[in-house]
Amino acid sequence: MAAPLSDSSSLSPLRTVAVVGLGTMGTGIAEVLAKAGRTVVGIDVSEAQAARCVAALEASTARAVERGKLTEQERADALARVRTATDLRAAAEADLVIEVAPESYEIKQQIFRELDGVVRPETILATGTNALSVTRLAAESARPERVLGLHFFNPAPAMKLVEVVSSVLTAPTAVTAVTQLAYELGKEPVAVGDRPGFVADGLLFGYLNQAAAMYEAKYASREDIDAAMRLGCGLPMGPLALLDLIGIDTARTVLDAMYTESGDRLHAPAPILKQLSEAGLTGRKAGRGFYTYEAPGSADVVRDALTPLSGDLRTPGRPVRSVGVAGSGTMASGIAEVFAKAGYEVVLAARSEEKAETAKARIGKSLARSVDKGRMTAEAAAETLGRITPAGSYDAFADVDLAVEAVAEDLEIKRQLFATLDKVCKPGAVLATTTSSLPVVACARATSRPQDVIGMHFFNPAPAMKLVEVVRTVLTSDDVHATVREVCGKIRKHAVDCGDRAGFIVNALLFPYLNNAIKMVQDHYASLDDIDAAMKLGGGYPMGPFELLDVVGLDVSLAIERVLHREFRDPGLAPAPLLEHLVAAGCLGRKTGRGFREYARR
């Protein structure tokens with residue numbers, strides 16, 4: 001991310017700004033500008049819309065006074081700096097014009113042609129588009145060097161990110177001027193090139209499209225898809241709820257533009273987006289999209305025919321009193337801790353007694369940290385640790401009701417383990433794999449009882465992460481599925497159902513997004529820092545994609561990308577060569593001290 005210009009003696013010369021298009025976004029931008037001391041000329045062809053803009057500004061600034069964010073005098077001064085008009089000639093004295101008209105080349109080009117005859121030669125013309133080509137709009141202008149993109153995010157007063165979009169025609173002085181203005185508005189500008197979606201939407205809408213396609217394929221329910229991404233990735237909203245908020249018609253427009261540019265099938269709008277758009281079911285604004293809302297514009301979801309029934313009408317599950325956890329790594333230790341905290345007797349088995357004892361010691365340290373933080377008493381921690389019995393052989397699983405494996409992510413290792421569990425576990429015991437990318441049915445077929453095998457994908461760290469993906473194969477029995485759902489409730493995890501295909505829900509949506517971020521850097525489109533900033537500030541992600549890749553491990557990420565590509569055979573899922581090169585060089589992320597970034601050795 002670029003730093004603010006160091007010369008504080010000269011503020012941005014962009015003192016008078018015209019905003020063309022006074023819908024929600026235009027009104028928000030006008031508010032930001034007015035609060036920052038700019039003279040604002042709001043222009044809209046509709047007098048009624050201009051009046052709504054003024055009313056919205058009066059209401060929002062009044063709320064700011066109530067919350068102590070503005071004084072009455074500051075509010076009065078800000079409102080006095082805003083005037084509205086219905087004619088583009090009102091922009092004649094503007095230093096900068098920001099156009100946020102509907103996403104249509106015809107409309108935007110007409111505005112730019114008219115502005116050419118109105119504004120001064122040095123006036124900068126900015127488009128707020130997130131889907132159309134800035135270069136194409138600039139080429140239609142009499143002075144293409146002064147045209148650029150200035151993409152705010154909704155709601156503009158709250159969202160910090162602003163993407164400053166240059167075309168090959170844009171003068172550096174224009175970029176410098178609007179970048180400095182963005183800093184003075186309290187925003188975080190990132191510099192990007194001209195391609196549909198830019199950085200934030202370019203990555204976000206591909207992910208949203210894949211989620212829509214996943215739902216359309218009836219792979220998982222809308223509630224489970226949204227819960228999986230919120231709880232598994234820490235996102236503020238699930239993808240289908242976010243599509244409803246953005247507007248399904250808007251998403252389709254952005255994706256159409258992205259697909260036209262990239263030819264990547266991952267950007268080809270999922271058919272359900274077209275169907276919902278053409279039916280007028282465009283999301284919250286229409287009162288119905290993927291979900292049904294109390295009224296058009298409402299955020300309150302109401303029950304509809306697709307809402308899951310409340311209450312437990314499933315097949316009764318099998319009783320589970322004791323649990324076996326196979327493995328000695330971080331995930332196995334975390335899962336054993338989760339079950340022991342919930343009151344289950346746990347057998348923690350590894351390839352040797354020493355490894356099992358080391359894993360139990362790790363759990364002891366984790367429980368001690370919980371005591372230090374006041375999350376549990378020392379007595380409760382001691383009782384929890386006392387429920388865990390370490391063992392150096394899987395023979396110790398003879399009497400468990402549920403066996404959960406958390407060994408290496410290697411299919412042959414897992415198959416051998418399931419063959420062993422088949423021999424040592426009693427009839428009726430449920431056998432679960434925590435795999436994140438391998439076929440559960442392959443583990444099931446290594447046993448003589450595939451109906452008893454299911455996926456139970458915990459997320460790391462298991463004690464903290466609330467999500468468990470429950471993965472049924474075509475052979476899994478109903479009562480085994482019901483058993484695992486009941487157990488998830490008892491260990492206070494949120495279970496989501498999905499079928500046995502690569503990536504399940506979370507990884508199938510997360511890793512193509514990460515791969516696309518790598519491609520942006522590989523293509524020299526934007527920097528690591530700008531992409532990470534864009535996704536945190538513009539998408540509400542807790543970590544940027546490169547921060548996350550380095551934490552997960554580039555080797556792990558590459559393995560998952562390869563599995564997804566092999567299963568779905570989509571060229572767009574092929575791992576980015578840059579990722580393959582870094583892994584080949586031993587740059588695996590934080591664990592090796594270097595991945596996409598370098599880290600201090602401990």
Side-chain angles (χ1 to χ4, degrees), residues 12-34 36-57 78-152 154 156 162 164-167 169-171 173-175 177-178 181-182 185 194 253:
S12 164
L14 308 179
R15 309 303 299 170
T16 299
V17 183
V19 179
V20 180
L22 298 178
T24 302
M25 181 59 81
T27 298
I29 294 171
E31 178 179 339
V32 170
L33 290 163
R38 267 53 185 185
T39 299
V40 181
V41 182
I43 304 172
D44 198 288
V45 291
S46 164
E47 285 188 16
Q49 188 61 53
R52 281 192 287 272
C53 169
V54 171
L57 291 176
L79 292 174
R81 285 191 282 270
V82 180
R83 63 184 177 88
T84 61
T86 57
D87 192 317
L88 284 175
R89 285 177 292 186
E93 298 306 312
D95 304 307
L96 167 68
V97 180
I98 304 173
E99 166 278 312
V100 278
E103 289 288 87
S104 157
Y105 276 118
E106 290 72 21
I107 293 172
K108 292 180 185 293
Q109 285 170 337
Q110 178 62 31
I111 290 170
F112 275 67
R113 280 194 292 269
E114 288 189 36
L115 287 171
D116 278 337
V118 170
V119 300
R120 304 191 311 274
E122 66 273 18
T123 297
I124 297 171
L125 304 181
T127 174
T129 184
N130 66 343
L132 305 180
S133 168
V134 175
T135 307
R136 182 172 164 185
L137 292 170
E140 294 285 323
S141 169
R143 296 184 183 83
E145 72 280 357
R146 65 182 175 175
V147 178
L148 45 68
L150 199 56
H151 181 213
F152 288 78
N154 201 20
V162 174
V164 179
V165 188
S166 304
S167 80
L169 305 169
T170 310
T173 51
V175 174
V178 296
L181 173 65
L185 298 179
D194 181 24
T253 298

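Between Ile43 and Asp87, every side-chain heavy-atom pair lies at or beyond the 4.5 Å cut-off. At least one side-chain heavy atom of Leu125 sits less than 4.5 Å from a side-chain heavy atom of Arg146. Annotation: side chain of Asp44 is not in contact with side chain of Thr84 (no heavy-atom distance under 4.5 Å). No side-chain heavy atom of Thr123 sits under 4.5 Å from any side-chain heavy atom of Glu93. The shortest side-chain heavy-atom distance between Leu148 and Val178 falls under the 4.5 Å cut-off.
Nearest heavy-atom pair, Arg120 versus Ala92, reported as atom, atom and distance to 0.1 Å: CG-O, 4.0 Å. Of all heavy-atom pairs spanning Met25 and Asn154, the tightest one is CE-N, 3.5 Å. Here the shortest heavy-atom pairing between Val97 and Ala94 reads CG2-CB, 4.1 Å. Scanning both residues, Ala78 and Ala34, for their nearest heavy atoms gives O-CB, 3.6 Å. Contact detail for Gly21 and Val100: the closest heavy-atom pair is O-CG2, 3.2 Å. Ala138 approaches Leu169 most closely through the heavy-atom pair CB-CD1, 4.2 Å.
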Steps toward side-chain contact (heavy atoms from CB on, under 4.5 Å) verdict (Gln109, Leu137): CA-CA 6 Å; Gln109 285 170 337; Leu137 292 170; 3.7 Å; yes
task: Apply the test side-chain contact (heavy atoms from CB on, under 4.5 Å) to residues Leu150 and Val164: give CA-CA distance (whole Å), side-chain angles for both, the deciding distance (0.1 Å), then the verdict.
output: CA-CA 5 Å; Leu150 199 56; Val164 179; 4.1 Å; yes
- request: Report the C-alpha distance between Val118 and Arg89 in whole Å, list the side-chain angles of each, state the deciding distance to 0.1 Å, and finish with yes or no for side-chain contact (heavy atoms from CB on, under 4.5 Å).
  value: CA-CA 6 Å; Val118 170; Arg89 285 177 292 186; 4.1 Å; yes
- request: Walk me through it: do Asp95 and Ile124 pass the test side-chain contact (heavy atoms from CB on, under 4.5 Å)?
  value: CA-CA 6 Å; Asp95 304 307; Ile124 297 171; over 6 Å; no
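The structure places CZ of Arg38 at 5.0 Å from CG of Leu181, a figure rounded to the nearest 0.5 Å. In this structure, Thr24 OG1 and Arg52 CZ are separated by 10.0 Å, a value rounded to the nearest 0.5 Å. To the nearest 0.5 Å, the span separating CD1 on Ile29 from SG on Cys53 amounts to 10.5 Å. A distance of 11.0 Å separates CG of Asp116 from CG of Leu88, quoted to the nearest 0.5 Å. With values rounded to the nearest 0.5 angstrom, Ser167 atom OG is found 10.0 Å from Glu145 atom CD.
The existence of a salt bridge linking Glu103 and Lys108 is confirmed by a sub-4.0 Å separation between a basic side-chain nitrogen and an acidic carboxylate oxygen.
The number of heavy atoms from other shown groups lying within 6.0 Å of CZ (Arg83) does not exceed 12. Shown here is Arg113, whose CZ atom has more than 12 heavy atoms of other residues, nucleotides or ligands within 6.0 Å. In this structure, Glu122 places its CD atom where more than 12 heavy-atom neighbours from other residues, nucleotides or ligands lie under 6.0 Å away.
With hydrogens and angles left out, the side-chain atoms of Glu106 and Gln110 include no donor and acceptor closer than 3.5 Å.
Between the side chain of Thr27 and the backbone N or O of Leu22, at least one donor-acceptor pair lies under 3.5 Å.
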